[in-house]
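One structure is given here, and the rest of the page talks about it.
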Amino acid sequence: MTARSTATRRRATALLAVLALTAGACSDSGDSTSPTDASEPAVEPSTTTAAGDPPVNPFLADSVVPIGHFDSAQTDSMTVAGPTGPTATLSPDELTYTHLGPAHFGLAISPTYPDGRRVIWSNGGDRISKLDAETLEVLAELPLPDKEPVTSEMADAHIAELDGLEGRALADAGIGLAAQYLTGLSGVYYLLDRDNTLFVGGAESILAYRDVDPDDPASPIELAATFARPAEVTGSFAGANLTFDGHLVMITDEGWIVVAARDFSSHQAVRLPGGEAAPAHNEQMGAEGRRAGQADWVRNSVAVDDDGGIYALSLDHAHKVVWDGSSLSTDPADGAWTAPYRNGSGNGSGATPSLMGFGPDADRFVVFTDGEDVMNVVLMWRDEIPAGWTPPEGAPSERIAGQVRADIGDPTRTAVQTEQSVVVGGYGALVVNNDPSSIPDGFPPAATRILAGYAGADPDFTPKGLQKLAWDPTADRLDTAWVNREVSSANAVPLVSTGSDTLYTVGARDGAWTLEGLDWSTGESVFHWVTGSNRYNTLFSGLNLDEQGRVMHTTAFGIVRYEPR
């Protein structure tokens, strides 16, 4: 039994290849930074609202953050209203920070305990952590096997080193930290169910963590159960979700969909169409050393709707698999489908698919970025393709409803990639640019992602640019709504609050880390909070709002919540 994941180790190995491993005063004013090359929103807010909100999965934890992308639809959006400013430079006492150790890429908030309290669960590189949701005090930790815990003193020394460096020296220090802490990780994908069980993906298994005493928020943590990969299934688990009838959904990097009871008493499995080629593809990638950009046949997790649809992306196809409560089907007669997407790079989509459209009369799509060197944002019809539908020019499938180049407002660019899934709010879909603004002379080309990671606040490397697209259900068209080429979203997974019509991300200004707030409808930067230190670097983790609408996220070595006076 191990908490390490071969799938995650492969992703870590790929990340390390990407990283080319070789050796305070407040202002009452708003933010004046406006979107560059922005246009009026392609869809009016009233029309966007008609898209509806993602349905609440009753088997996920009853909280605002029960799973990595907030909901089974993987939207990265929530209705809780978040902050809207004003712009400020925050002092350390306005930032509640707790050390957790390395490689905590997300969090989940529990249902309420009998005493009304909630806890935060987070799985990391050397431990499973549980914190008080109000104070961020660590209540319990479970060390992972064969891992030496990283102390707060060790982490503080690393942070101080990063804060004292710039340019190439900062990038090189980041490479060293990645080599030290981003290998041998526990599963990245996780979910918390309504019974307060944390499910974490492993290579050959899914691990279930619980409280020893389910009524005590401070109870010790135990590894309560393990689901071993079924004998007929090949590959390593690469993602997890939950159906609306309470079953775990898992996918392997060789294209198997597995649905299992949460008590692990039963399971069903089916292979995605074309998955027969996956073992040879993945073996070839491994034999070639998994150079930067090379990809497993399946790289990410799955989205789930409330009608039994399970949505996955393989190397150059999107898939819908249908779960009817007792069996899985890839048969079109049952509503399943497989459709190609563009893949000029040969590396496929790097995104977990997101779902769009939930109202009773809404157009319903699965949304993702494709495998082109300058990625496209792609919308595919989730259900039947409308009669007489004509796909956009250059679309490889009639199932494609929209396909728009995500060049961040620069048609001359030859490469734009993101490390995040598409953020979906209403009929809006947002992507960010994670390519650094420059690369040092002699720096290995495959190491560019470290420049957005540990070195993303350095002005020489700070990635800039966000692009929102929007579906117009009247014109049946996907268009760019706005582009902001000035604001940075260096490496974070952004979130959109439809309650405050604000997009939140972590970026950088003038060498200092910042929390950024943008108007979701216009792209205008409405406020930012300067935090400064690498202590508050998201390092590719996602932003969250808690039940009170406070912004929080995990960091390179801990977790932070923003609490300006």
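Only heavy atoms go into these numbers, but all of them, side chains included; no hydrogens, no water, no symmetry mates.
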Side chain Trp121, main chain Leu131, donor-acceptor under 3.5 Å | no
Atom CD1 of Ile128 and atom OG of Ser122: how far apart are they, to the nearest 0.5 Å?
-> 8.0 Å
Donor-acceptor contact present, side-chain Asp62 to main-chain Pro111, <3.5 Å = no
Considering the options Asn534, Thr531, Thr555, Asn537, which one meets the side chain to side chain donor-acceptor pair (under 3.5 Å) requirement together with Trp513?
-> Asn534
Test item: Tyr504 side-chain N/O and Pro83 main-chain N/O as donor-acceptor pair under 3.5 Å | yes
Can you tell me if Tyr189 and Asn300 form a side-chain donor-acceptor pair at under 3.5 Å?
-> yes
How many angstroms lie between CG in Leu207 and CG in Asn123, if you round to the nearest 0.5 Å?
-> 9.5 Å
Quick one: pull up CD1 in Ile559 and CG in Leu107 and give me the separation to the nearest 0.5 Å.
-> 5.0 Å
If you look at every heavy atom in Lys130 and Tyr113, which pair is closest and at what distance?
-> CD-OH, 4.2 Å
State the CG-CG distance between Asp460 and Leu170, to the nearest 0.5 angstrom.
-> 10.0 Å
Salt bridge between Asp435 and Lys464, side-chain N to carboxylate O under 4.0 Å?
-> no
Ring-ring centroid check Tyr562 Tyr536, cutoff 6.0 Å | no
Under 3.5 Å, side chain of Asn241 to main-chain N/O of Val302, donor-acceptor pair present?
-> yes
Check the side chains of Ser91 and Asp93 for a donor-acceptor pair under 3.5 angstrom, ignoring hydrogens and angles.
-> yes
Salt bridge (charged side-chain N to carboxylate O under 4.0 Å, His left out) between Arg550 and Glu134: does it pass, once the steps are laid out?
-> CA-CA 11 Å; Arg550 296 171 294 189; Glu134 183 57 36; 3.1 Å; yes
State whether the side chain of Arg299 and the backbone N or O of Asn347 hold a donor-acceptor pair below 3.5 Å, judged by distance alone.
-> yes
Return yes when atom CD of Glu141 has more than 12 non-hydrogen atoms of other residues, nucleotides or ligands closer than 6.0 Å, and no otherwise.
-> yes
So CG of Leu545 and OG of Ser77: to nearest 0.5 Å the spacing works out to 10.5 Å
Point-to-point distance, once rounded to the nearest 0.5 Å, from CG of Asp71 to OG of Ser354 | 8.5 Å
Quick one: sort the Phe199 and Phe264 rings into parallel, tilted or perpendicular, breaks at 30° and 60°.
-> perpendicular
Only residue of Leu191, Val258, Val304, Leu242 satisfying side chain to side chain contact (heavy atoms under 4.5 Å, CB included) with Val249 is Val304
Side chains of Thr514 and Glu516, donor plus acceptor under 3.5 Å = yes
Ser349 (side chain) donor-acceptor with Gly371 (main chain) under 3.5 angstrom | no
Work out which heavy atom in Pro440 is nearest to a heavy atom in Phe461; give both atom names and the distance.
-> CG-CE2, 3.5 Å
So with a 6.0 Å cut-off around CG of Asp510, is the heavy-atom count from everything else above 12?
-> no
Show your reasoning for whether salt bridge (charged side-chain N to carboxylate O under 4.0 Å, His left out) applies to Asp546 and Arg118.
-> CA-CA 11 Å; Asp546 66 10; Arg118 296 180 188 268; over 6 Å; no
Side-chain donor-acceptor contact under 3.5 Å, Asn196 with Ser110 | no
Verify side chain to side chain contact (heavy atoms under 4.5 Å, CB included) between Arg535 and Val560, making sure each step is shown before the conclusion.
-> CA-CA 9 Å; Arg535 182 178 301 278; Val560 65; over 6 Å; no
